[in-house]
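Here's the structure we're looking at; comments come further down.
Throughout, a chain's letter reflects where its sequence line sits, starting with A, and its residues are numbered from 1.
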Amino acid sequence: MTDEALVRRFQCGDEAAFDELVERHRARIYGLVCRLVGVGEAEDLAQDAFVAAYKSLPSFRGESAFGTWLYRIAIHTCSHHLRRKRPDSLELDEREPDERREGDPEARAMQRELQGVVRRAINGLPYKLKTVVVLRDMHGMSYEEIAGAVGCPIGTVRSRLHYASQRLATQLRPYVETVEQ
Amino acid sequence: MARSSCRYCEPRLRALLDGELVEVEAARVREHLADCDACQLSLATAAEVSRLVGQIPAEIEPPPHFGANLQLRLASVRGRRGLIGRLGLRSAPRPRWSRRYSLAGVMVAGTVMALILGSPPRLGAQDLVGKVQESWGRLQSYSCRFEAEGVVAGKPRRFEQRQWFRKPNLFRLETNEHYPEQTFIQADRVTTYIPGADWQGKRLAITRPRRDREEGLPFPFGAEWPVAYDITMEALVRELKSQRGGELLGTEEVLGKPCYVLKFHTQRPGSRLTTHYRVWVDRDSFLPLRVKSYRDTQFHWVSTARDLRTNLMLPQDMFRFATARDTFHVYGEVEPFVFTMPMDRPRTEAFDEDPIGSAREEIVRRATALPFRPLAPAYLPAGYGLVRVRGSAVSGWLDAYWLNSRTGAVIQLLQQDGAQAVADEGETVRLPDDSTRRAVWREVRRPVPIQYVAWKQSGVRVSLAAAGVDRDEALRIAASFAPAVQEE
């Protein structure tokens, strides 16, 4: 059953349909929030996003895909949270709750180290740049979808991605060059 | 077409990579790239950066309790939504003429709702209580350090306890609430060891039977409840379940752990005073970590469980008191304060030499302040000396304790206003010297032998708990009671 069908069922009074939507999207939303605000506060904020979605879903008109709409809520929740929080008190958690198990141990260790460096570089980006790069490169969203989720024109998405790429390239230069050799 | 510059191309490289340029733009950028090494390198770098970022997983499985916690929060919203739905408060836009009646409609609906349901459903709070109950059901043991701080009778107080608990009924606590003491609670007994006590040059250990209201085991709160003075998890859940005003306020951290905050209030039977509570429930373990109670400026408390560890291996031995050297072991219906709290008038030799006369003297001294005419015994078995007599004019009771300094057995006497007394359960007997007087008698052999006798005499409810004596002896003591002050 599609997300849209589940949304319609929920709007007709089937509460269980929302549980199914949560089940489908929770890892993606939790992952997104982890990247945007850090693991430490991700659980609360991901739940906030689902609670907000639950409250608003009766008036959801399906003008965008449910997934994009949910991303928009999660991003708004994170932005709101960060606005309330003093910037100097923001601590991005370096813990990585998800570890891939495949591959030989040495390669896994190197992979983990490299991912740690990339995560720290992403964490160092300003929030607006971080959001677009996470949505594009990790979540594979199109510029149009990102524009819908972030609530800005496509041109803005393009320029933010350009600046984000530049900054990440500077941060990751040693690793990028190593990979090229 | 004019050749494009690096300035034109570079901001478009990332979009080219993503296939997000319109064809005209893409063609211009590709044309430039063919001749520009710098932009080619920039494109390759952007591609590599994108690849590296793309290797980080987008999906992360949330912690195991995520679903349960979210359900709790949704349940709270569903409760409110259900109420709104049932009241018909959310509906399609209405014609303007109907809006003027909307306020009246809401008020009528609200009144009808209040009449039908009493109060709005608070599903979130009750669901949380269910989780607490489940969690407590799964728990086999715990250890923690429990800190209490607050104001009692207008005076600031602060103390700390260490607690160990093992299901079904083993409990040990070490506290400095009044002085250092260790309490060992087993299935049938409570033993308290007071290493700092000096009773005739010895430390003190006291063993008494475990009481009915101590069925449940204390959890680190120190809050006072309508039914039981000592808070138990069972009492907590029972109280919360019966609370119609319970409310889930949100989440807050206690000692760095995210907790749900639950609010409710209670009223002791016969009291007009309301005590307001907040309980912080750990979101991971669903066990309460903090309780705050507030009655008024004179009585308020916060109790916090630190270092709470659950399901540990706790050996049975640690719940059993091993008699220490130089310790005088006392047994009977007696609490440590009888021996340890300061007396308004120090003990004299007469307490041991004339335990009956000195007890009468102490009882008479307190008689004028009591709302009843107290009684005093005219007979006690040999070897028992008076320890102390206490009385409360406000609460209307008087008690006295005699100790056999050879065996450690204690006789306890409690007197209350007969009008308010409630009969104990047990077998009805007749006292040896008065066939018309009826008394309730009960014998306990384990963990320590105690004869319980209770009766009503001259408007006074008298209870005797005599350790170290047989039934006849206990009834003989009971039969010897007479008003301490003769009527003028």
Side-chain angles (χ1 to χ4, degrees), chain A residues 13 15 18-19 22-23 26-35 39 42-44 46-48 50-51 54-55 58 96-98 100 111 114-115 117-119 121-122 133-134 136-140 142-144 154 157-159 161-166 168-169 171-173 175-177 179-180, chain B residues 9-22 25 41-78 80-82 84-85 90 124 250-253 256 258-260 283-284:
Chain A
E15 291 277 328
F18 188 79
D19 297 341
V22 171
E23 191 59 31
R26 63 182 199 163
R28 218 166 303 152
I29 293 299
Y30 182 73
L32 173 69
V33 176
C34 279
R35 300 300 168 215
V39 176
E43 188 186 341
D44 274 346
Q47 285 179 11
D48 287 349
F50 279 114
V51 170
Y54 179 87
K55 288 177 179 169
E96 179 54 63
D98 182 41
R100 292 180 177 180
Q111 176 81 357
L114 183 59
Q115 287 191 359
V117 171
V118 176
R119 278 202 308 274
I122 296 169
V133 87
V134 165
R136 173 64 208 170
D137 289 334
M138 288 188 203
H139 291 255
S142 70
Y143 285 18
E144 189 182 356
I154 290 178
V157 174
R158 196 162 85 178
S159 62
L161 263 172
H162 163 65
Y163 291 122
S165 281
Q166 276 192 325
L168 286 175
Q171 295 265 319
L172 299 172
R173 192 175 303 283
Y175 299 90
V176 171
E177 283 165 2
V179 172
E180 280 178 341
Chain B
C9 289
E10 208 188 345
R12 289 169 173 79
L13 290 176
R14 175 67 212 233
L16 178 76
L17 191 70
D18 292 331
E20 293 273 359
L21 282 184
V22 293
E25 275 183 304
L41 183 60
S42 295
L43 182 68
T45 304
E48 188 53 31
V49 165
S50 176
R51 190 187 70 79
L52 286 175
V53 174
Q55 282 188 346
I56 296 177
E59 296 191 0
I60 298 175
E61 195 53 40
H65 53 259
F66 181 87
N69 286 341
L70 177 61
Q71 285 304 322
L72 279 174
R73 296 182 60 181
L74 290 176
S76 186
V77 179
R78 281 176 180 138
R80 286 198 289 275
R81 173 176 288 175
I84 290 166
R90 190 178 53 217
T251 57
E252 246 177 57
E253 283 199 354
C259 289
Y260 291 112
R283 282 195 349 195
D284 290 335

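- Heavy-atom distances place no part of A:Tyr163 under 4.5 Å from chain B, backbone and side chain included.
- Between chain A and the options B:Asp18, B:Leu17, B:Val49, the largest number of non-hydrogen pairs under 4.5 Å is found for B:Asp18.
- Rounding to the nearest 0.5 Å places CD of A:Glu43 at 6.5 Å from CZ of B:Phe66.
- Heavy atoms of B:Glu10 lying under 4.5 Å from chain A belong to its backbone as well as its side chain.
- At a 4.5 Å heavy-atom cutoff, the contact between A:Leu32 and chain B is made by backbone atoms alone.
- With a threshold of 4.5 angstrom between heavy atoms, A:Val22 approaches chain B through side-chain atoms but not through N, CA, C or O.
- Of the two parts of A:Gln166, only the side chain, counted from C-beta on, holds a non-hydrogen atom closer than 4.5 Å to a non-hydrogen atom of chain B.
- Among the candidates A:Val133, A:Asp44, A:Val33, the residue making the largest number of heavy-atom pairs closer than 4.5 Å to chain B is A:Asp44.
- Note that the CG atom of B:Leu21 and the SG atom of B:Cys9 stand 9.5 Å from one another [nearest 0.5 Å].
- Ranked by heavy-atom pairs under 4.5 Å with chain B, the list A:Arg28, A:Arg26, A:Gln47 is led by A:Gln47.
- Taking CZ of A:Phe18 as the reference point, atom CG of B:Leu70 lies at 7.0 Å (rounded to 0.5 Å).
- To the nearest 0.5 angstrom, B:Thr251 atom OG1 is 5.5 Å from B:Arg283 atom CZ.
- Between B:Glu59 atom CD and A:Met138 atom CE the span is 12.5 Å, to the nearest 0.5 Å.
- For the atom pair B:Glu20 CD and A:Arg136 CZ, the distance stands at 6.0 Å (nearest 0.5 Å).
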